[in-house]
Participant: 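Here's a structure for you.
Computed from a predicted structure; not experimentally measured.
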Amino acid sequence: MAELLKVFDENYKYVHDETRGTIHKKGLWHETFHCWLVDDTNVFIQKRSATKKDFPSLYDITAAGHLLADEEVMDGIREVEEELGIKVDPFKLKQMGFVRDVIKLPGFIDKEFANVFLYHSTFALDEFTLQQEEVESIHSVSIEDLQALFTGEAETITCTEDTSTDITLADFVPHETAYFQAVGEFLSLAKSGGM
């Protein structure tokens with residue numbers, strides 16, 4: 001049975017429900033849940049599974065997903081728990097607001113109202129149980145490094161646990177520049193201890 005998502009107009013007002021496939025084919029606005037796990041100095045990023053239909057083997061948000069037609073924004077917590085195999089305390093989620101994010105590819109137009117959250121993490125890398133069909137691996141990177149990559153001040157960054165792998169912006173899911181910039185600003189809150 002096809003997943004139904006809520007369709008919105010450009011002002012984030014609900015219009016009707018539609019299948020995920022139709023939404024991406026027609027480029028209709030819909031909503032997603034984006035959660036970045038952070039501590040005072042680092043942020044976790046995921047590498048998407050090589051078997052994913054969309055953007056396989058690219059780096060991305062710690063955990064994210066589409067909100068179904070019968071879900072509210074906070075129900076997106078399930079994405080974190082499903083993809084990473086951890087229990088999330090909703091009181092530790094910091095809602096940063098929503099960011100418009102558009103990705104256009106041949107036959108695929110993803111127009112999202114991305115509801116962005118920061119989550120103060122005390123997890124170690126070995127505490128994650130990854131949903132293999134979704135997530136290949138999880139990596140820790142410096143908040144400052146990721147911000148520099150997102151703003152174009154750095155061309156490459158490395159993971160804190162494996163400095164032998166260079167990651168460029170081209171290795172990430174191709175979110176809009178405005179999305180990366182907004183996330184970079186949100187991450188400043190974590191870095192300043194404001195969470």
Side-chain angles (χ1 to χ4, degrees), residues 1-6 8 12 17 19-21 23-24 30-99 101 103 110 112-143 146 159-162 167 171-173 175 179-180 182-183 186-187 189-191 194-195:
M1 193 166 147
E3 283 184 348
L4 287 177
L5 311 179
K6 293 175 189 167
F8 298 87
Y12 206 171
D17 295 348
T19 63
R20 181 173 175 164
I23 283 173
H24 286 152
H30 56 287
E31 61 184 349
T32 54
F33 178 92
H34 293 189
C35 185
W36 296 85
L37 267 63
V38 298
D39 60 25
D40 295 336
T41 56
N42 296 315
V43 56
F44 287 111
I45 57 174
Q46 71 160 255
K47 187 172 187 182
R48 294 165 66 88
S49 168
T51 60
K52 287 282 288 181
K53 178 174 173 277
D54 304 323
F55 314 113
S57 300
L58 292 182
Y59 292 96
D60 205 1
I61 303 141
T62 318
H66 289 78
L67 292 166
L68 303 178
D70 62 351
E71 291 184 312
E72 300 301 322
V73 171
M74 289 301 289
D75 292 325
I77 288 173
R78 69 168 168 75
E79 292 287 350
V80 185
E81 297 178 344
E82 288 171 5
E83 291 185 4
L84 306 182
I86 55 173
K87 190 69 180 157
V88 175
D89 179 355
F91 296 105
K92 289 172 67 175
L93 273 173
K94 177 87 172 173
Q95 188 165 14
M96 307 307 296
F98 71 86
V99 181
D101 189 24
I103 301 173
D110 192 19
E112 298 183 2
F113 290 108
N115 292 275
V116 181
F117 292 80
L118 299 184
Y119 187 82
H120 191 268
S121 171
T122 55
F123 296 104
L125 281 168
D126 60 4
E127 293 182 74
F128 297 115
T129 304
L130 304 182
Q131 187 179 17
Q132 292 300 324
E133 63 270 24
E134 296 285 334
V135 184
E136 179 179 312
S137 54
I138 287 286
H139 305 274
S140 175
V141 296
S142 154
I143 291 174
L146 193 63
C159 302
T160 56
E161 78 282 359
D162 174 20
I167 302 172
D171 296 319
F172 272 82
V173 170
H175 297 284
Y179 175 83
F180 285 129
V183 169
F186 297 155
L187 290 171
L189 181 67
K191 194 171 63 177
M195 282 187 60

Participant: Check whether any side-chain heavy atom of K6 sits under 4.5 Å from a side-chain heavy atom of E71, and report yes or no.
Facilitator: no
Participant: Would you say the side chain of Y12 lies within less than 4.5 Å of the side chain of F98, judging by non-hydrogen atoms?
Facilitator: yes
Participant: Would you say that V43 contacts V141 through its side chain, given a criterion of any heavy-atom pair below 4.5 Å between the two side chains?
Facilitator: yes
Participant: Are the side chains of H66 and I23 in touch, meaning some heavy atoms are under 4.5 Å apart?
Facilitator: no
Participant: Do V73 and E31 make a side-chain contact, defined as non-hydrogen atoms from C-beta onward lying under 4.5 Å apart?
Facilitator: yes
Participant: Out of curiosity, I167 CD1 to L58 CG, how far, rounded to the nearest 0.5 Å?
Facilitator: 11.5 Å
Participant: On the 0 to 90° scale, with breaks at 30° and 60°, tag the F180-F172 ring pair as parallel, tilted or perpendicular.
Facilitator: perpendicular
Participant: Would you say V183 and M96 make side-chain contact, with heavy atoms under 4.5 Å?
Facilitator: no
Participant: Are L130 and L84 close enough, and set up right, to give a side-chain contact (heavy atoms from CB on, under 4.5 Å), and what steps lead you there?
Facilitator: CA-CA 5 Å; L130 304 182; L84 306 182; 4.0 Å; yes
Participant: Mind listing the closest non-hydrogen atom pair of P56 and A50 along with its distance?
Facilitator: CB-O, 3.4 Å
Participant: Which atom names give the shortest non-hydrogen contact between A63 and V80, and what distance separates them?
Facilitator: CB-CA, 3.8 Å
Participant: Rounded at 0.5 Å granularity, tell me how far OG1 in T32 sits from CG in D110.
Facilitator: 7.5 Å
Participant: To the nearest 0.5 Å, tell me how far D39 CG sits from S140 OG.
Facilitator: 6.5 Å
Participant: Tell me the closest heavy-atom pair linking S142 and T160, and the distance in Å.
Facilitator: N-CG2, 4.0 Å
Participant: Give the ring-plane orientation class for F123 versus Y119, where under 30° counts as parallel, over 60° as perpendicular and anything between as tilted.
Facilitator: parallel
Participant: To the nearest 0.5 Å, how far apart are CD in E81 and CD1 in I86?
Facilitator: 7.5 Å
Participant: Are the side chains of H139 and D162 in contact, using a 4.5 Å heavy-atom criterion?
Facilitator: no
Participant: Counting N and O atoms only, with roles assigned by atom type, does the side chain of E79 sit under 3.5 Å from a partner on the main chain of G76, one being a donor and the other an acceptor?
Facilitator: no
Participant: Any chance you could lay out the side-chain contact (heavy atoms from CB on, under 4.5 Å) test for L5 and L68, step after step, and finish with the verdict?
Facilitator: CA-CA 5 Å; L5 311 179; L68 303 178; 3.8 Å; yes
Participant: If you compare all heavy atoms of I61 against all heavy atoms of C35, which two are closest, and at what distance to 0.1 Å?
Facilitator: CG2-O, 3.3 Å
Participant: Check the pair I77, F33 against side-chain contact (heavy atoms from CB on, under 4.5 Å), reporting the backbone distance first and the verdict last.
Facilitator: CA-CA 8 Å; I77 288 173; F33 178 92; 4.2 Å; yes
Participant: What heavy-atom pair brings F8 and H30 nearest, and what distance separates the two atoms?
Facilitator: CD1-CA, 3.9 Å
Participant: Specify the closest pair of heavy atoms between P90 and V88, including all atoms of both residues, with the distance to one decimal.
Facilitator: CD-O, 3.3 Å
Participant: Can you find a heavy atom in the side chain of K92 that is under 4.5 Å from one in the side chain of T122?
Facilitator: yes
Participant: To the nearest 0.5 Å, tell me how far W36 CH2 sits from T62 OG1.
Facilitator: 6.0 Å
Participant: Calculate, to the nearest 0.5 Å, the distance between atoms CD1 and CZ belonging to I103 and F55 respectively.
Facilitator: 4.0 Å
Participant: Walk me through whether F113 and L67 qualify under side-chain contact (heavy atoms from CB on, under 4.5 Å).
Facilitator: CA-CA 10 Å; F113 290 108; L67 292 166; over 6 Å; no
Participant: Pick from K47, K52, Q46: which one makes a side chain to side chain contact (heavy atoms under 4.5 Å, CB included) with E136?
Facilitator: K47
